[in-house]
Number of protein chains: 2
Amino acid sequence: MTLPPQADSSTAETPDTPENSSGRALKAIPEATVTRLAVYLRVLGQLAEGGAETVSSEELASVAGVNSAKLRKDLSHIGSYGIRGVGYDVASLQHELERVLGLDHPQAVALVGVGNLGHALAGYGGFGGRGFPVTALFDVDPDLVGIKINGIVVKHVRDIPTECPAAGVTIGMIATPAQAAQSVCDQLVAAGVRSILNFAPTVLQVPEEVEVRKVDLAVELQVLAFHVAGRGNAAAGGISTDVPAVARVVNGRNGSAVPLS
Amino acid sequence: MTLPPQADSSTAETPDTPENSSGRALKAIPEATVTRLAVYLRVLGQLAEGGAETVSSEELASVAGVNSAKLRKDLSHIGSYGIRGVGYDVASLQHELERVLGLDHPQAVALVGVGNLGHALAGYGGFGGRGFPVTALFDVDPDLVGIKINGIVVKHVRDIPTECPAAGVTIGMIATPAQAAQSVCDQLVAAGVRSILNFAPTVLQVPEEVEVRKVDLAVELQVLAFHVAGRGNAAAGGISTDVPAVARVVNGRNGSAVPLS
DNA sequence: CGGTGTGAAGTCCTTCACAGCT
DNA sequence: AGCTGTGAAGGACTTCACACCG
């Protein structure tokens, strides 16, 4: 699964100065960069599978759909892990990114709302490769509470206060109808969850220390509709990823149909 | 689903100068603004249901999770539809936004990949309110081709070239595994689709005139993980929506549990 | 007065272009 | 000779603050 840039969070401030493992002082990493780091990480995984040992910024950028200057600037925010004249070591850059993104010790994810969409999310094993295990499921529908999805029992929403802390949940996903979302959100926050991915079409009100990212399908489609209507006229200018040649090759395919779902 | 800003499209150029219905010259609307217009539209719908006739920028902004200056600036891009000293007429602003977003005449949407996630998307009637009807479904799995979802028969992917133009499809959604996504994308583009919402975890290569927005769950979760890890330390600063008071009230609820899914 | 619409200032992000390491 | 890392320039979006209108 792939999501776009939609976080409605305003930009975080980082008053104190974190350091990386080698003790080098690091400036706060821009929000926009963090999102792309996750993309680079995924691409590196593909390259590693393909047996690549090193990549140049040009190659990596091309596959990731950005230009090389941006990629190098992004990576410069996390330190100097490239080799001049050569490129980046795939494996070590991968580890570095995992570390920076906090993936070195895994996060427990709770999903609330196991209806239509939620059910699909729960079954989405691995979330497109190395991923986040959903470790707790909640709903209020008596027909759903008690069933197992992917080996996990759906609990009642009222159990959030006890179950979430017990399971060490740090990230919550809300896939309930809009009317229920704020209430659920409040309960997750009360249970100590500080990061929430919201699929319900509502703006959630949360305390400062909680981060919300939202995924709103209707909004995505409406933005596309705007462009279809010609008002954003993409045709005239530079929409689309500015990526040439290499990418299609490295992606490991070139046009033949492949089994779906 | 919500993105953030997340479309990876570079910014479109708009060389010619569009006008609105009243003939007033309009500058190109910023991408970031378009995304929020869709949110405002949704909120206006809620307000209209609640019986509101007018809203101030302050109120509307609060419910939409932005500050009022931004909201006014956003609306100024589409013209002057407010009344000084009063606010905005809910109904007419609603219509104006629908017109600008190109929702006045509806778009046909095709969905490719009716597996786990795709199935859920197909059943997501109305997409959280006024929405986009999915009018064509495709897959390659023989077990899926031929079944009906929400009254729509799943066709084989090889029928895209004939079915999409026939149904007047303008927007495509890709919910296939990553390996299949580029191939499907190519076929949609060949069939005349110029706007694509991609759920597969791959960067799609498309010609300039095609717009791609992506929704990548793994990336969203990884960004959240980054903040959990404290590296983006939200706690210290200004994450979260800067919305107070009014919002929770206008949202029509205040904390009690509501049925889910 | 109250609240919109908007120039101007400010912030964040992107792109350029090149110095410097290997 | 090649490719990274980065200051500096450039754009895009946001916030401020106030003139202006109803």
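Here is the naming used below: chain letters follow the sequence lines, and residue numbers restart at 1 for every chain. Everything numeric in this text was worked out from a predicted model, so none of it was measured.
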**Message:** Using whole Å, what does the distance between atom C1' of nucleotide C/dG20 and atom CD1 of A/I83 come to?
**Reply:** 16 Å
**Message:** Taking side chain to side chain donor-acceptor pair (under 3.5 Å) as the definition, give me every residue that meets it alongside B/Y40, ordered by chain and number, with sequence neighbours left out.
**Reply:** B/D74
**Prompt:** Under 4.0 Å between a side-chain N or O of A/S57 and OP1 or OP2 of D/dT4?
**Reply:** yes
**Fill in**
Of the candidates D/dG5, C/dG5, C/dC13, the side chain of B/S80 sits closest to C/dG5
**Prompt:** Say you draw a straight line from CG of B/N198 to SG of B/C185; how long is it, rounded to the nearest 0.5 Å?
**Reply:** 7.5 Å
**Item:** Short side-chain N/O contact from A/S56 to OP1 or OP2 of D/dC3, under 4.0 Å
**Value:** no
**Complete:** Contacts of B/V34 meeting side-chain contact (heavy atoms from CB on, under 4.5 Å) (sequence neighbours excluded), chain-then-number -> A/V223, A/F226, B/I29, B/L101
**Message:** Let me check the geometry of the helix from C/dC1-D/dG22 to C/dT22-D/dA1. What is the bend angle between the axes at its two ends, five pairs each, to 10°?
**Reply:** 10°
**Asked** Would you call B/E31-B/R213 a salt bridge at under 4.0 Å N-O?
**Response** yes
**Message:** Holding to side-chain contact (heavy atoms from CB on, under 4.5 Å), I want the full list of residues that pass it with A/A48, two or more places apart in sequence or in another chain.
**Reply:** A/V90, A/Q94
**Message:** Using whole Å, what does the distance between atom C1' of nucleotide C/dG5 and atom NZ of B/K70 come to?
**Reply:** 18 Å
**Request:** Nearest whole angstrom, please: distance from the C1' of D/dG5 to the CG of A/L60.
**Result:** 15 Å
**Request:** Please state how far atom CG in A/L71 lies from atom P in C/dT15, giving the value in whole angstrom units.
**Result:** 12 Å
**Asked** Roughly how far apart are B/L37 CG and B/I78 CD1, rounded to 0.5 Å?
**Response** 6.0 Å
**Prompt:** CG of B/D74 versus P of D/dT14: gap in Å, rounded?
**Reply:** 7 Å
**Item:** Short side-chain N/O contact from A/Y88 to OP1 or OP2 of D/dG5, under 4.0 Å
**Value:** yes
**Item:** Counterpart residues, side chain to side chain donor-acceptor pair (under 3.5 Å), relative to B/S57 (two or more places apart)
**Value:** B/R72
**Fill in**
With sequence neighbours left out, the residues meeting side chain to side chain donor-acceptor pair (under 3.5 Å) with A/T170 are A/Q107
**Asked** Taking atom C1' of C/dT14 as reference, at what distance in whole Å does atom CG of A/L75 sit?
**Response** 15 Å
Filtered N/O pairs between nucleotides 16-20 of chain D and protein, under 3.5 Å:
unit_1, atom_1, unit_2, atom_2, d
D/dC20, O2, B/R84, NH1, 3.1

**Message:** Please report the distance, rounded to the nearest Å, between CD in A/E59 and C1' in D/dC3.
**Reply:** 11 Å
**Message:** Exactly one of A/L217, A/T176, A/L121 should register a side chain to side chain contact (heavy atoms under 4.5 Å, CB included) with A/F199. Which one does?
**Reply:** A/L121
**Message:** Rounded to whole Å, please give me the gap between NE2 in A/H77 and C1' in D/dT4.
**Reply:** 15 Å
